[in-house]
Every structure is written in structure tokens, then in C-alpha cells.
Protein chains: 2
Amino acid sequence: MITKETSRRLDPERVVDTALAIADDEGPAAVSFRKLAAQHDVTPMALYRHFKDKDDLLAALGDRLLADVVLPEPTDEPWDKQLHALLTAFVDALRAHPRLADLTLPRILVATPGLALAERALELLIEGGFSVDDAAEIGRQSICSLIALVTTDPVAREVSDPEAREASLRRKRASLSALSPTQYPLVTSAAGALICPSSRDRYYAIGVDLVVAGIRGVVDQPTLRTSV
Amino acid sequence: MITKETSRRLDPERVVDTALAIADDEGPAAVSFRKLAAQHDVTPMALYRHFKDKDDLLAALGDRLLADVVLPEPTDEPWDKQLHALLTAFVDALRAHPRLADLTLPRILVATPGLALAERALELLIEGGFSVDDAAEIGRQSICSLIALVTTDPVAREVSDPEAREASLRRKRASLSALSPTQYPLVTSAAGALICPSSRDRYYAIGVDLVVAGIRGVVDQPTLRTSV
DNA sequence: ACCTGAACACCGTTCAAGT
DNA sequence: ACCTGAACACCGTTCAAGT
């Protein structure tokens with residue numbers, strides 16, 4: 001029994017692999033059908049058999065990231081602790097690909113791992129006392145915040161080239177230290193922390209803490225009571 | 001005394017005006033030097049006298065948005081109430097241009113209105129009990145969250161074309177209602193709220209509330225005490 | 001200083017055609 | 001079903017040149 005790989009010269013999964021690699025170090029804008037085709041010894045048009053258009057390819061990248069989310073098992077801890085663990089799992093998956101984190105948003109309610117995440121988040125929020133609709137709204141916004149957290153990861157944001165990265169940091173530092181300390185006393189004295197956080201782990205820990213603390217603080221808050 | 005407009009055929013501010021208009025309804029990617037040049041009866045290359053490159057043009061757009069921020073006067077209310085007002089002012093300026101909100105992030109510590117906002121935010125956070133460095137970190141993350149809030153504004157996100165918008169909403173609703181209600185009971189029952197929030201004002205109100213509640217909840221929290 | 005013209009090295013995507 | 005070839009309508013940007 002011989003493999004029937006006669007007609008399938010192109011494996012879509014392998015195309016996504018190389019797209020992921022390109023996007024990781026040059027950003028999603030640098031991913032092009034022409035580049036991918038060249039790397040797979042094929043005409044650009046061949047890709048259209050496997051991806052409807054570029055958006056479809058990027059959607060596949062988003063699905064890849066979501067597939068890396070490992071949901072924590074339910075425990076008997078309070079809802080907010082479990083939500084914290086759930087959101088940390090989400091962030092942990094995205095952290096590996098900071099430039100692509102955005103791509104997950106439109107895929108969450110489509111890809112299976114995204115749906116599982118959403119379902120569990122709603123469960124916990126409702127356990128926390130939110131109505132179904134409020135849970136949906138709060139959950140949506142929390143996910144957006146965390147994606148933004150990853151997207152703006154100050155460590156990974158710059159180009160992979162470490163020398164260009166250093167140059168950009170120096171430029172930022174210079175522009176801040178050129179400011180008048182009497183006009184902007186706090187901005188100038190916080191320059192270091194504003195430009196680059198002390199540690200990447202701490203950055204993400206604070207990010208998730210802020211989101212969960214926000215949710216905890218907003219239960220039974222007047223804004224949610226507003227009809228409309 | 002006659003106007004000396006002999007040599008300046010091209011007014012950079014007017015170019016930014018039309019770039020803003022294009023970006024507002026087709027997104028920043030649709031802004032091109034060639035299109036702008038055509039609309040101003042000039043060669044694409046003429047723009048390079050006024051903008052170093054496309055990034056420089058987009059930076060000018062970011063500055064435009066920041067210029068619309070109207071900082072509230074300091075009052076004698078508690079720090080968190082004042083911070084709420086400050087962040088609301090920021091969001092209010094960005095809301096007018098949801099597709100461009102991202103462009104402000106790299107300009108905040110550069111443009112004057114952004115610096116004023118940052119300085120005031122740091123003041124209030126320090127008044128709230130944060131160290132200078134923690135205030136910087138928390139402030140940075142809060143701004144990122146709010147930009148994401150605007151960027152993902154579910155009402156304005158889709159194309160301006162209201163018919164295409166309706167079609168996209170229908171497609172999303174259909175994809176959610178195709179899910180198994182036994183497997184995803186909450187996602188399916190919250191479908192409406194997940195796809196589109198009830199009101200735009202409420203959406204933004206909840207967004208700012210969440211951020212401020214998060215900050216309030218995180219004062220004196222263990223994560224911030226971690227050295228490093 | 002400000003603008004033009006031609007050119008280079010890219011894009012996504014359509015359409016008709018091959019096997 | 002899967003891939004090719006040629007073409008269309010775009011991009012940003014460089015370089016040399018005009019006034």
C-alpha cells in the first residue's frame with residue numbers, strides 16, 4: 001500500500017507553519033502568498049486551492065495560537081481564582097507569538113479551543129454573580145484587554161534584531177530625558193519603567209491581576225444595573 | 001502684503017486631513033501616498049518632502065487623535081474618581097476614530113497632549129498609593145487596555161457600509177446558533193450579547209469602570225510587592 | 001526648498017488554461 | 001482536484017533631475 005501523495009504537492013498545514021515563522025519575526029503584514037509559494041516551490045496561485053484569500057490564511061494562524069491554550073481543570077477554588085488561572089492559560093498561549101495575538105480575537109467564537117475557553121469563562125463569571133449578558137460583555141472585554149496586553153508586550157514588540165531593538169530603546173530614553181523635569185516631573189522620573197518593564201513575567205502577572213481585580217470590583221456596580 | 005503661498009503647493013496639514021478621512025472609513029492600511037498624492041494633484045514623491053515615510057504619516061494621524069483629548073481640571077474628589085474622569089476623556093477622544101486608536105500608543109510619550117495625560121495619570125496613581133514605578137506600569141497597561149477597548153469597538157469595527165455590516169452580523173449569529181446547546185449552553189444563550197453589546201455608551205462605560213476597578217483592586221496586592 | 005519622472009521591487013487577486 | 005502563466009491594479013521607496 002503506497003502513499004497516495006501523488007496529487008497533493010502542497011500541504012496546507014506546512015504552509016501555515018512557514019507563515020507562522022514569517023509572522024513571528026516580521027509581523028503578519030510580511031506574510032505574503034508570493035513568499036510562501038516561493039518557499040514551497042509552487043506558484044502563488046496554487047495557494048488559493050487551500051486558502052480562500054489572505055484573511056483566510058491569517059485566520060488559520062489565529063486558530064493555531066488558540067490550539068495552544070491548555071485549559072485548567074475545574075477545581076473547588078473560588079470563581080475568581082479559577083478565572084485567574086483560566087485567563088493566565090490564555091495569555092500563556094499567546095505570549096509565544098506576541099505579534100499574532102490579535103489574530104485570535106475573531107477566531108475565539110469559531111475555533112473549538114476558543115469556544116471551550118469562552119464557555120468556561122462564562123460559567124465562572126455567572127458563578128461570580130453576573131447575569132448571562134453581563135458575563136458575556138465582561139468576558140469579551142477581558143479577552144480584548146489580555147490580547148492587547150500581549151500585543152503591546154514591550155519586550156517582544158520591537159524587531160527581533162537585538163541591535164535595532166537597543167537603538168530604538170536608546171532613542172526613546174533620549175526623547176524622554178530631553179523633557180523638562182519641571183514640566184513633567186513624574187514622567188521624567190518614571191522614564192525607565194515607562195519605556196520597559198522590569199520583567200516579562202511580572203508584566204504579564206500584573207496584567208492578569210488587573211483584569212481579574214477589575215472584574216471582581218465591578219460586580220454589583222451601578223453601571224451594570226443601567227437598563228438599556 | 002500678499003500671501004507668500006507661491007512655493008507651498010502642498011499643505012501637510014491638509015494631507016493629514018484627507019489621510020484621516022481615508023483611514024476612518026477604510027482603515028489605516030488603505031491610506032497610501034499614491035492616493036493622497038492624486039487627491040492633492042501632485043506626484044506621490046512630493047509627499048516625501050513633508051513626511052519621512054508612511055510611518056511618519058501615521059504618527060501624524062496618531063498625534064491628531066491625541067490633540068482631541070480634553071483633560072479634566074483637577075478637583076478635590078478622590079484619586080480614583082478623578083482617574084476615571086481622566087481615562088474617560090482619553091477614550092472619548094479616541095472613540096471618534098476607532099480604527100486609528102492604535103496609532104496613539106507610540107505617540108503618547110511624544111506628543112504634548114499625551115505627555116500631559118501621562119503626567120496627570122501618574123500623579124493620581126501615586127496619590128492612590130502606588131510607587132512611581134508601579135504607577136508607570138499600571139498606567140501603561142491601563143492605557144493599552146483602553147486603546148484596545150476602542151479598537152475592538154464592536155459597533156464601529158466593521159466596514160462603514162451598513163449592508164455589509166448586517167451581513168457580517170448575520171453570519172456570526174448563524175455560526176453561533178449552529179453550535180450544540182448541550183456542549184456550549186452558555187455561549188449559545190449569550191450569543192446576542194457576545195456578538196454585539198446593547199449600547200455603545202454602556203460598552204465604553206463598562207470598559208472604563210473595569211480598568212479603574214482593576215487599579216483600585218490591585219493596590220497593595222502581592223504581585224506588586226514582588227521585588228524584581 | 002519643493003516638486004517631477006522613471007524605475008525597482010514588491011503586493012493580492014482574477015481569469016483562462018493545463019494535467 | 002490541483003497546479004500553472006500571464007495579466008491587472010495596486011503598493012512604498014530610491015535616484016536623478018528639474019525649477
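Chain letters run A, B, ... following the sequence lines, proteins first, then strands; residues in each count from 1. In this text, all values refer to a predicted model and were calculated from it rather than measured experimentally.
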Starting at atom NZ of B:Lys54, determine the distance to atom C1' of D:dC10, rounded to an integer number of angstrom. 12 Å
Where the side chain of A:Lys35 meets the backbone of A:Ala30, is there a donor-acceptor pair that is under 3.5 Å apart? yes
Can you tell me how far P of C:dG12 sits from CG of A:Leu47, to the nearest Å? 10 Å
Find the distance B:Phe51:CZ to D:dT13:C1' and express it as a whole number of Å. 16 Å
Does A:Arg202 offer a backbone N or O that forms a donor-acceptor pair with the side chain of A:Ser199 under 3.5 Å? yes
Where are the stems of DNA chain D, defined as at least 3 consecutive Watson-Crick or wobble G-U pairs with both distances under 3.5 Å? C:4-8 with D:12-16, C:12-16 with D:4-8
For B:His50 and B:Pro12, work out which heavy atoms get closest and say how close. ND1-CG, 3.6 Å
Decide yes or no for B:Thr112 and A:Tyr184: does some side-chain heavy atom of the first lie under 4.5 Å from some side-chain heavy atom of the second? yes
Using OP1 and OP2 only, check whether a side-chain N or O of B:His50 sits under 4.0 Å from C:dC3. yes
Closer than 3.5 angstrom, by distance alone: can the side chain of A:Lys54 be matched with the main-chain N or O of A:Val31 as a donor-acceptor pair? yes
Do side-chain atoms of A:Glu119 reach the backbone of B:Leu186 as a donor and acceptor pair under 3.5 angstrom? yes
When you measure from every atom of DNA chain D, which of residues 28-42 of chain B have a heavy atom less than 4.0 Å away? B:Val31, B:Ser32, B:Phe33, B:Arg34, B:Lys35
Within 6.0 angstrom of A:Arg200 CZ, more than 12 heavy atoms from elsewhere: yes
Taking B:Tyr203 for its side chain and B:Leu149 for its backbone only, find out whether a donor-acceptor pair lies under 3.5 Å. yes
Do B:Leu87 and B:Ile143 come close enough that some side-chain heavy atom pair is under 4.5 Å? yes
4.5 Å side-chain heavy-atom contact, B:Leu210 and A:Gln141: yes
Nearest-nucleotide pick for A:Thr43, side chain only, options being C:dG12, C:dT4, D:dT4: D:dT4
Grab the N/O contacts between the protein and nucleotides 14-19 of chain D below 3.5 Å, and write none if there aren't any.
none

Any donor-acceptor N or O pair under 3.5 Å, side chains A:Tyr204, A:Asp153: yes
Expressed as a whole number of angstroms, how long is the span from B:Asp56:CG to D:dT13:P? 10 Å
